Enquirer: 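Attaching a single structure in structure tokens format; questions to follow.
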Amino acid sequence: MTTTVTFLGHGTFQIDIDERTVLIDPFFTGNPAASTTADAVAADAIIVSHGHGDHIGDTIAIAKRTGALVIANHEIADWLGNQGIENRHAQHIGGAHEFDFGTVKFTIAHHGSMLPDGANGGNPCGILLKTVDGSIYHAADTGLFYDMKLIGEEGIDLAILPIGDNFTMGPDDALRAVKLIEPKRVIPDHYDTWPLIAQDDEAWAKRVAAETSTEPVILQPGESCAL
Ligand code: NI
Ligand code: MN
């Protein structure tokens with residue numbers, strides 16, 4: 001079994017678990033950092049963290065083209081149903097569910113979740129994905145919260161943390177998050193997409209390496225690493 005993690009730009013990731021492809025927050029159209037396009041990606045499942053346009057992104061178009069199962073919180077899943085997406089699975093914070101590619105549990109995230117048309121997207125979520133090869137915590141858009149320590153207690157092989165600041169944690173709080181979670185490796189995301197969230201990823205990685213026992217991994221859009 002091999003799980004491969006590919007960064008597609010901003011907060012978008014593709015997780016390949018053997019022959020299954022899972023997209024997290026597929027945002028391509030209007031994403032200056034996107035390494036591919038909505039009509040080119042494959043998907044068996046799509047996990048959506050919250051309702052903001054840079055996360056729900058191209059979910060509807062990709063789901064309609066591929067028939068992928070969309071996994072989201074109850075409010076977003078309901079909204080997707082109104083957009084004609086039938087293959088969907090609703091769950092919510094604290095709840096885990098087993099799929100054919102692994103187990104998905106939604107965690108808390110401190111953020112907003114309004115959908116692009118102004119509909120209520122419920123509470124925003126982080127994503128804990130466990131595959132046969134290990135566990136990935138995609139924090140999605142969030143501020144720092146102390147309960148990240150509880151998430152870390154599950155044993156995180158790879159954490160994906162925002163460092164862009166302004167809308168989410170910045171580099172300082174993301175470093176504190178690494179210390180709470182203690183993942184084996186960490187990938188920074190949600191930065192450099194626009195000038196407002198520009199960050200020095202190499203400088204952040206040096207601090208992670210110097211101050212924690214976590215290995216920082218910087219992926220450029222389109223680059224992959226094994227879980
Ligand atoms: Ni957001
Ligand atoms: Mn965002």
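Ligands are counted one by one from 1 in listed order, and the atoms in each one are counted from 1 as well. The model shown is predicted, which means the values in this text are computed figures rather than measured ones.
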Enquirer: Tell me, which protein N/O/S atoms are under 2.8 Å away from the Mn ion (ligand 2)?
Expert: Asp54 OD2, His55 NE2, Asp141 OD2, His190 NE2

Enquirer: If the plane angle is over 60° it's perpendicular, under 30° parallel, otherwise tilted; pick one for Phe13 and His138.
Expert: perpendicular

Enquirer: Quick check, are the ring centers of Phe167 and His52 under 6.0 angstrom apart?
Expert: no

Enquirer: Tell me which N, O or S atom of His52 sits nearest to the Ni ion (ligand 1).
Expert: ND1

Enquirer: Can you confirm if the aromatic rings of His74 and His92 lie within a centre distance of less than 6.0 Å?
Expert: no

Enquirer: When Ile136 is tested against each of Ile156, Leu227, Leu128 for side-chain contact (heavy atoms from CB on, under 4.5 Å), which residue passes?
Expert: Leu227

Enquirer: Hey, are Asp172 and Arg207 close enough for a salt bridge, meaning a charged N less than 4.0 Å from a carboxylate O?
Expert: yes

Enquirer: Looking at the Ni ion (ligand 1), which N/O/S atom of Asp141 is the nearest one?
Expert: OD2

Enquirer: Going through the distances and angles, do Ile218 and Trp204 end up as a side-chain contact (heavy atoms from CB on, under 4.5 Å)?
Expert: CA-CA 10 Å; Ile218 292 173; Trp204 186 77; over 6 Å; no

Enquirer: Around atom NZ of Lys179, are there more than 12 heavy atoms from other residues, nucleotides or ligands closer than 6.0 Å?
Expert: yes

